[in-house]
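Take a look at the structure set out below.
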Amino acid sequence: MAAIDPASKTLAQLGAATPEAVVQKFAEVRARFDADLVADANPQNWSAFVANWSGRKSGMLTKIGDNWLKPAPKELKPIVGQEFQKLKSHIESALESKRQEIESAADHAAAARDQIDLSLPGVERPIGTQHLIRQTYDELLRIFLSIGFSVVEGPEIETPYYNFEALNIPEHHPARDNMDTFYIEGARGGHLLRTHTSPMQIRTMEKQQPPVRIVVPGKVYRRDNPDATHGYMFHQIEGLAVDTDITFCDFKGTVEYFVREFLGPQAKTRLRPSYFPFTEPSAEVDASCHVCGGSGCRICKFSGWIELFGAGMVNPAVYGFVKYDAEKLSGFAFGMGVDRLAMMKYGITELPLLFQNDVRFLRQFP
Ligand code: PHE
């Protein structure tokens, strides 16, 4: 806007004493508005521009109302009023159309910015795959889910009670030696990293009445010296079935079904006597060698059999810890190493390969 503001003076001060002069003064203001609108009004100064012309407090129209219209002498008042109304509606409608113009220009600019060309080829995002351990877990769990087991998980930080005592492994039992345990220093009541998933047998039976049919996937920790087949952490799946009528036949049938599902219908199963404090009798479950079919090869060390996992009928002593009636109940349990099973099934000879996250290795198992 130009520096001189005619509306800060009255019409008399401006020397407009006749209707013609009044009309002339209004025409000058209107011409100035029209020129300013074209030259000055833009999206950046829009609200200042509007305030200048039609702002309630000190806009041009307010000043003209105050300084031209109100003090106008009686004989000029009608023509001043008329001209004022004309100017007012001219300015207001011009501002309104300019506002719309600015807004729709902004809308168009935004739309142009956001435009998506659907014919362009998309950005290809590489999709990862599941880790071989995860895949093996899924495969193993699927087999047990299909015969009515359900999945539960438990804590990796355990107490000696759940990891040992309640599993019938008392303080100075030699079975504690061959599971070199990580103890957590300073933990109140003594805590440790579970050496197997078997503590979840106890935790489940404490909470739940029979029938129990669970599998427990999870990480376990042992103070082993790392080599081709040992690490300080590995993965297990625990299994537990307890009911009023479970026999050794159910145990054997379940194990055989599992072996056939996991290794194929030709796989044979063998139970070898073993020892675990929490099962009685205990067994090592072997399968006929998946490489040579049982005739003997390097993989099975020419025995025809491969050791799969430990298992057995639940030792009645364990029921005492969870207040189950050992007279009425029976069941079986097993605990398998997922890493071992994956290595065996996929012919992997180095355990560390599973944890080094080398994509060249991982890509072989899409
Ligand atoms: N917890 C045993 C281990 O880690 C495996 C096992 C589980 C054996 C259940 C028998 C029954 O070696």
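All figures in this text were calculated on a predicted structure; none of them were measured in a lab. All residue numbers in this chain count up from 1 along the given sequence. Start at 1 and go down the list; that is how both ligands and their atoms are numbered. Because only heavy atoms are used, hydrogens play no part in the values below, and waters and symmetry mates are left out as well, while side chains stay in.
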Inset, instruction - Tell me, please, which residues at least two apart from Q82 pass side chain to side chain contact (heavy atoms under 4.5 Å, CB included). - result: I79

Inset, instruction - Give the atoms of ligand 1, by number and element, whose distance to some non-hydrogen atom of S198 is under 4.0 Å. - result: 1 (N), 7 (C)

Inset, instruction - Show which atoms of ligand 1 fall inside a sub-4.0 Å distance from at least one heavy-atom site of Q201. - result: 9 (C)

Legend entry - Results of side-chain hydrogen bond (donor to acceptor under 3.5 Å, both in side chains) for K77 - residues two or more places apart only: none

Inset, instruction - Determine, using heavy atoms of F278 and all atoms of ligand 1, whether some pair is separated by less than 4.0 Å. - result: yes

Legend entry - Those atoms of ligand 1 less than 4.0 Å from some heavy atom in F334: 7 (C), 9 (C), 11 (C)

Legend entry - Residue R222 vicinity, atoms of ligand 1 by number, heavy atom under 4.0 Å: 3 (C), 4 (O), 12 (O)

Inset, instruction - Would you indicate which of P277, G335, S274 comes nearest to atom 6 (C) of ligand 1 when only heavy atoms are counted? - result: G335

Inset, instruction - Please work out whether any backbone atom (N, CA, C, O) or any side-chain heavy atom from C-beta onward of A311 is under 4.0 Å from ligand 1, and answer side chain, backbone, both or neither. - result: backbone

Inset, instruction - Please check if any side-chain donor atom of Q100 sits under 3.5 Å from a side-chain acceptor atom of E96, or the reverse. - result: yes

Inset, instruction - Could you say whether the N/O atoms of E238 and ligand 1 ever approach to under 3.5 Å? - result: no

Legend entry - F33/H90 aromatic ring centres below 6.0 Å: yes

Legend entry - Considering all heavy atoms, the nearest E238-G335 contact: OE1-CA, 4.0 Å

Legend entry - Proximity of F278 and F321 rings by center, below 6.0 Å: no

